[in-house]
Amino acid sequence: MNKDVRVRFAPSPTGHLHIGNARTAILNWLFAKHTSGKFILRIEDTDPERSKEEYTEQIYSDLQWLGLAWDEGPDVGGDYGPYKQSERLDIYARYTMILLEKGLAYKCFCTPEELEIMRKEAIEKGLSANYDRRCLHLSPEEIATREAQGLQAAIRFKVPEKDVVMNDLVKKQISFPYDSIGDFVIMRKEGIPTYNYAAVVDDHLMEITHVIRGDDHVSNTPKQILLYEAFGFEIPEFAHIPMILGPDRLRLSKRHGATSIDEYQARGYLPEALINFLSLLSWSSESGAEILSKERLIQEFDFNRVTQSAAVFNHEKLNWMNGSYIRESRPEELIDPVIPFFIKAGYPVDDRDRVLKIIKAVQEKIDYLEQIIDHAKIFFQDSITIEDAEARALVRKETSQKVFWSFLRELRAIDHIDMDTFRLIMKTVQKETGVMGKDLWMPIRIGLTGRIHGPELPMIVELLGKQTCQKFIEEIVNRFS
RNA sequence: GUCCCCAUCGUCUAGUGGUAAGGACUCAGGAUUUUCAAUCCUGCAACGGGGGUUCGACUCCCCCUGGGGACGCCA
């Protein structure tokens, strides 16, 4: 019956994996998983100017970090390789010959300068900025002369005079008048294919069933459809997903801050949260739920529920969602992800149990892992400095002094402290001093951390340990009395 | 300039001819709490404009406006 689904993510290695591309990859992956199909990675490195091997590696690792495993690709192989376009040049050349022989494509000797003038003139006249076909009617002799002069030709596709209709899984039916499509170059004079051409040849040869990509490609699609028809290839399904915009409703770009996946990784966003969030840009669950596991996304994903309109990337919501994932994580799972941030901050990491306790103490306060550095600072101080004026005033209060002395007396009487003994001690302090509530707890908090806000005190005390607690309180007593 | 697409709270969205236009983020207020946070509750906030069609339009059609994309020997 239906062919097995095969989809591809086809980035060009010209930079880091961008948020928009990542979203495209995610939807491809979700659809493949949803249909038990294959997810294929193809590297479109046909631009020698901009493509770089290091970016290919970067794309691999970004995709891996997101947890999007591919079934076929340059590194893992597959039956439809090679999966890098730069290694398929002979294939494209072969198919170009077919078009040339059938008279469906022709050589073009126009220079970039000529083309630029042509374009300007067309726009001035109010016409569409298409190629005027001046090389279409070159006689064999004229072609021979130019080639004898050493001129190299690009190959242009001769666009047939018929309107093109496409049926898109998300955009539904769109038609393009034939005269809005100009004869486009399929092979550059260096013998390297252009995007529209290579994509068609590859998608056909790789038996891609669904082309899922950003909707900035819709106007490319009629060209590609024409190519499929010229070759007699079966046309795949198309699904053009809406763009992701910045807050100014312009296409998301570097100007908008962090736009590549590795930047989010570096700040301690969780891949699951990113996938969840990006999936919800222009797609929604029928249930209305927003926090959706990968499994659930896979199960529910459907093009019928993809929106038609572009979506603004909302940082605040991402932060909320990521924070939600952090809060829902088991603290143990967070140890490894958090360690790089500890190392970066110069905090010791050899005692994993201590790291775990710190995570438990601050887990609910952070939206992304990088923020743990600031919250955990209080656990690695040698001495306490009180910056805040309100805190200084509080510490000086008479009740605070009483609390300190009482607390210190209790502390000196024991040799080890944990959350429970701390609570017990505080009860005693309360009884002895008659101080309670904020006046009781706040001096201790400030004395131990220097700050007015922070994690729950019992956790702080246990993490600091008896010696450090005693030292800090002794210091503050000396300083302020 | 030409072609294509889009249009519900500030943002992400639900909606599919008859709804008090629902949810989420943000924001405000409250509850809880030894602080902050988290959590829970409450609240503010939207169908771009104009014509049709219809007994009835957020929903269908047209125009306008606004936005986006494409028109590369980039992808």
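Chain letters run A, B, ... following the sequence lines, proteins first and then strands; every chain starts at 1.
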*Asks:* When both hydrogen-bonding distances must be under 3.5 Å and the geometry is Watson-Crick or G-U wobble, what is B/A46 paired with, if anything?
*Replies:* none

*Asks:* Between B/A38 and B/C6, how many Å separate the two C1' atoms, rounded to a whole number?
*Replies:*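 Comparing C1' positions in B/A38 and B/C6 gives a spacing of 39 Å.
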
*Asks:* Round to the nearest Å and state the distance from A/W283 atom CH2 to B/A24 atom P.
*Replies:* 17 Å

*Asks:* Using a heavy-atom cut-off of 4.0 Å across all strands, would you classify A/T14 as base, sugar-phosphate, or nothing?
*Replies:*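 If one applies the 4.0 Å heavy-atom cut-off, A/T14 turns out to touch nothing in the nucleic acid.
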
*Asks:* Return yes if the base of B/A75 and the side-chain atoms of A/N220 contain a donor-acceptor N/O pair under 3.5 Å, otherwise no.
*Replies:* yes

*Asks:* Would you mind telling me which of B/C12, B/A70, B/U34 lies closest to the side-chain atoms of A/A311?
*Replies:* B/C12

*Asks:* Can you tell me the pairing partner of B/U34 across any strand shown, Watson-Crick or G-U wobble, with both distances under 3.5 angstrom?
*Replies:*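 Looking at the geometry, B/U34 pairs with no nucleotide.
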
*Asks:* Answer with base, sugar-phosphate or nothing: what part of the nucleic acid does A/R327 contact at a heavy-atom distance below 4.0 Å?
*Replies:* sugar-phosphate

*Asks:* Verify the contact: side-chain N or O of A/R42 to OP1 or OP2 of B/A75, cut-off strictly under 4.0 Å; return yes or no.
*Replies:*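 Indeed not, no polar side-chain atom of A/R42 lies that close.
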
*Asks:* What is the base-pairing partner of B/A7, counting Watson-Crick and G-U wobble geometry with both distances under 3.5 Å?
*Replies:*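 Base-paired to B/U65.
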
*Asks:* Among the candidates B/A37, B/G1, B/C3, find the nucleotide nearest to the side-chain atoms of A/E364.
*Replies:*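 Closest nucleotide to the A/E364 side chain: B/A37.
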
*Asks:* Could you check whether A/E456 gets within reach of a base, just the sugar-phosphate, or nothing at all, counting any heavy atom under 4.0 Å?
*Replies:* base

*Asks:* Just so I know, are the side chains of A/M426 and A/I444 near enough to count as touching, which here means a heavy-atom distance under 4.5 Å?
*Replies:* yes

*Asks:* Should B/A70 form a Watson-Crick or G-U wobble pair with both distances under 3.5 Å, which nucleotide is its partner?
*Replies:*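 Per the H-bond distance test, B/U2.
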
*Asks:* Which base sits across from B/A21 as a Watson-Crick or G-U pair, both distances under 3.5 Å?
*Replies:* none

*Asks:* The side chain of A/S219 lies closest to which of these nucleotides: B/U34, B/C4, B/A70?
*Replies:* B/A70

*Asks:* Just how far, in rounded Å, is C1' of B/C74 from CD of A/Q85?
*Replies:* 12 Å

*Asks:* Using a 4.0 Å heavy-atom cut-off across all strands, classify A/P13 as base, sugar-phosphate, or nothing.
*Replies:*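 The answer is nothing, as A/P13 stays clear of every strand by at least 4.0 Å.
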
*Asks:* Using atom CG of A/N130 as one end and atom P of B/C4 as the other, report the distance to the nearest whole Å.
*Replies:* 13 Å

*Asks:* Under a 3.5 Å cutoff, is there a donor and acceptor pairing between the side chains of A/T24 and A/N21?
*Replies:*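 Result is no, nothing qualifies.
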
*Asks:* Using only heavy-atom distances, determine whether the side chains of A/Q85 and A/D202 contain a donor-acceptor pair under 3.5 Å.
*Replies:* yes

*Asks:* Say we look at B/G48 and B/G67: how far apart would their P atoms be, to the nearest angstrom?
*Replies:* 15 Å

*Asks:* Looking only at atom C1', what distance separates B/U59 and B/G22, rounded to whole Å?
*Replies:*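 Approximately 15 Å lies between the C1' atom of B/U59 and that of B/G22.
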
*Asks:* Nearest of B/A14, B/C73, B/A24 to any side-chain atom of A/K317?
*Replies:*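 Shortest atom-to-atom distance from the side chain points to B/A24.
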
*Asks:* For the C1' atoms, the ones on B/A24 and on B/U8, what distance do you get once it is rounded to whole angstrom?
*Replies:* 15 Å

*Asks:* Atom CG of A/N304 to atom C1' of B/G15: distance rounded to whole Å?
*Replies:*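 These atoms are roughly 15 Å apart.
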
*Asks:* Is it the case that A/S287 and A/S285 place a side-chain donor and acceptor less than 3.5 Å from each other?
*Replies:* yes

*Asks:* Look at the side chain of A/R445 and decide which nucleotide, out of B/U35, B/C12, B/C4, has an atom nearest to it.
*Replies:*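 Output: B/U35.
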
*Asks:* Atom CD of A/Q173 and atom C1' of B/C4: how far apart are they, to the nearest Å?
*Replies:* 14 Å

*Asks:* B/U11 phosphate, OP1 or OP2: any side-chain N/O from A/R249 under 4.0 angstrom?
*Replies:* yes

*Asks:* Reckon A/H217 touches a base, only the sugar-phosphate, or nothing at all at heavy-atom distances under 4.0 Å?
*Replies:*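 Since a base atom lies under 4.0 Å of A/H217, the category is base.
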
*Asks:* Decide, yes or no, whether a salt bridge links A/K84 with A/D45 under the criterion of side-chain N to carboxylate O below 4.0 Å.
*Replies:*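 So A/K84 does not pair with A/D45 through a salt bridge.
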
*Asks:* Which nucleotide in the set B/C3, B/G15, B/U34 lies at the smallest distance from any side-chain heavy atom of A/R305?
*Replies:*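 Looking only at heavy atoms from C-beta outward on A/R305, the closest nucleotide is B/G15.
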
*Asks:* Determine whether A/E432 and A/R409 make a side-chain contact, defined as any pair of heavy atoms from C-beta on separated by less than 4.5 Å.
*Replies:* yes

*Asks:* Using a heavy-atom cut-off of 4.0 Å across all strands, would you classify A/L281 as base, sugar-phosphate, or nothing?
*Replies:* sugar-phosphate

*Asks:* Can you tell me the distance, in whole Å, between the CG atom of A/L318 and the P atom of B/U26?
*Replies:*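 Between P of B/U26 and CG of A/L318: 12 Å.
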
*Asks:* In this structure, how many angstroms lie between the C1' atom of B/U34 and the CZ atom of A/R451, rounded?
*Replies:* 18 Å

*Asks:* Separation of A/E316 atom CD from B/A28 atom P, in whole Å?
*Replies:*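 About 11 Å, once rounded to whole Å.
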
*Asks:* Are A/F303 and A/F31 near enough that their ring centres are under 6.0 Å apart?
*Replies:* yes

*Asks:* B/U54 and B/U16: how far apart are their P atoms, nearest whole angstrom?
*Replies:* 24 Å

*Asks:* Can you tell me which nucleotide in B/A7, B/C73, B/A24 comes closest to the side chain of A/L115?
*Replies:* B/C73

*Asks:* Of all the choices, B/G10, B/G69, B/C3, which nucleotide is nearest to the side chain of A/N314 once you look at every atom?
*Replies:*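 Nearest to the side chain of A/N314 among the choices is B/G10.
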
*Asks:* Given B/C74, B/G15, B/C71, which nucleotide is nearest the side-chain atoms of A/K223?
*Replies:* B/C71

*Asks:* Among A/K357, A/R423, A/K360, which one satisfies salt bridge (charged side-chain N to carboxylate O under 4.0 Å, His left out) with A/E462?
*Replies:* A/K357

*Asks:* Can you sort out which residues in residues 185-204 of chain A have a heavy atom within less than 4.0 Å of RNA chain B? Ascending by number, please.
*Replies:* A/V185, A/R188, A/K189, A/E190, A/T194, A/Y195

*Asks:* With A/K223 as the cation and A/F184 as the aromatic partner, state whether NZ or CZ is under 6.0 Å from the six-membered ring centre and within 45° of the axis.
*Replies:* yes

*Asks:* In this structure, which one of A/Y269, A/Y325, A/W320, A/F313 forms a ring-ring contact (aromatic ring centres under 6.0 Å, His included) with A/F277?
*Replies:*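 Of A/Y269, A/Y325, A/W320, A/F313, ring-ring contact (aromatic ring centres under 6.0 Å, His included) with A/F277 is met by A/F313 alone.
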
*Asks:* What's the closest nucleotide to the A/E290 side chain, out of B/C12, B/G69, B/A24?
*Replies:*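 From the listed options, B/A24 comes nearest.
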
